[in-house]
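Along the sequence shown, residues carry numbers from 1. All of these numbers come straight from a predicted model, not from anything done at the bench.
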Amino acid sequence: MARRRLPQDYTAGEFDAVVAQIQGNPRLRADLETIAGYSLEGRPPRELFDAFRAMEGATDVMAAVVRYGQGVQAVRRTRVEMEFDPEVDLTPQQAEHVAELQAKLDAERREKAELKAALKVAQSPRHLVQLPADHITRKAVGE
């Protein structure tokens with residue numbers, strides 16, 4: 001982004017043209033008043049020019065935001081275009097095989113989840129049977 005122009009960087013002709021445009025164009029004046037948040041009625045030319053510069057700065061920021069948004073959209077589009085869609089390049093037989101494998105995988109995942117849940121229940125303290133300590137010793141020694 002180019003360096004923002006300072007007030008002294010404007011020529012006297014540019015200053016006069018801006019002030020004349022603000023004073024002569026009611027729509028522009030209304031837009032400036034809306035952006036500035038105050039009435040420009042009876043303001044000296046310097047304040048009119050400052051309001052113009054504020055609007056110019058705001059439009060620079062808005063343009064930068066728009067360019068950023070366009071860049072983000074371009075990156076997203078590129079990512080989508082670069083993604084590989086495996087089903088597009090498959091023959092009908094291959095697609096059927098992939099669907100079967102996916103179904104098997106889903107079934108295995110469900111079974112794994114069920115087994116994990118059952119193991120968790122079985123390992124919970126209320127489901128374990130407490131045997132006396134000497135019971136194991138007597139059996140191990142053969143008493």
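- Salt bridge status for Lys104 with Glu100: absent, with no side-chain N to carboxylate O gap under 4.0 Å.
- Expressed to the nearest 0.5 Å, how far CD of Gln23 lies from CG of Asp16 amounts to 10.0 Å.
- For the pair Gly24 and Pro26, the tightest heavy-atom approach, listed with the atom from each and the gap, is O-CD, 3.4 Å.
- Every pair passing ring pair (Phe, Tyr, Trp, His ring centres under 6.0 Å) that includes a residue from residues 6-33 is listed here, sequence neighbours excluded: Tyr10-Phe49, Phe15-Phe49.
- Considering CG of Asp31 and CZ of Arg27, their distance stands at 7.0 Å, rounded to 0.5 Å.
- In terms of heavy atoms, Ala51 sits closest to Leu40 at CB-CD2, 4.1 Å.
- Residues Glu33 and Ser39 approach most closely at OE2-OG, 3.7 Å, considering heavy atoms.
- Considering only heavy atoms from C-beta on, Lys112 stays 4.5 Å or farther from Glu108 through its side chain.
- Note that the CD atom of Glu14 and the CD atom of Gln21 stand 13.5 Å from one another [nearest 0.5 Å].
- Heavy-atom contacts from other residues, nucleotides or ligands closer than 6.0 Å to CD of Glu41 number 12 or fewer.
- In this structure, CZ on Arg76 lies 7.5 Å from CD on Gln73, to the nearest 0.5 angstrom.
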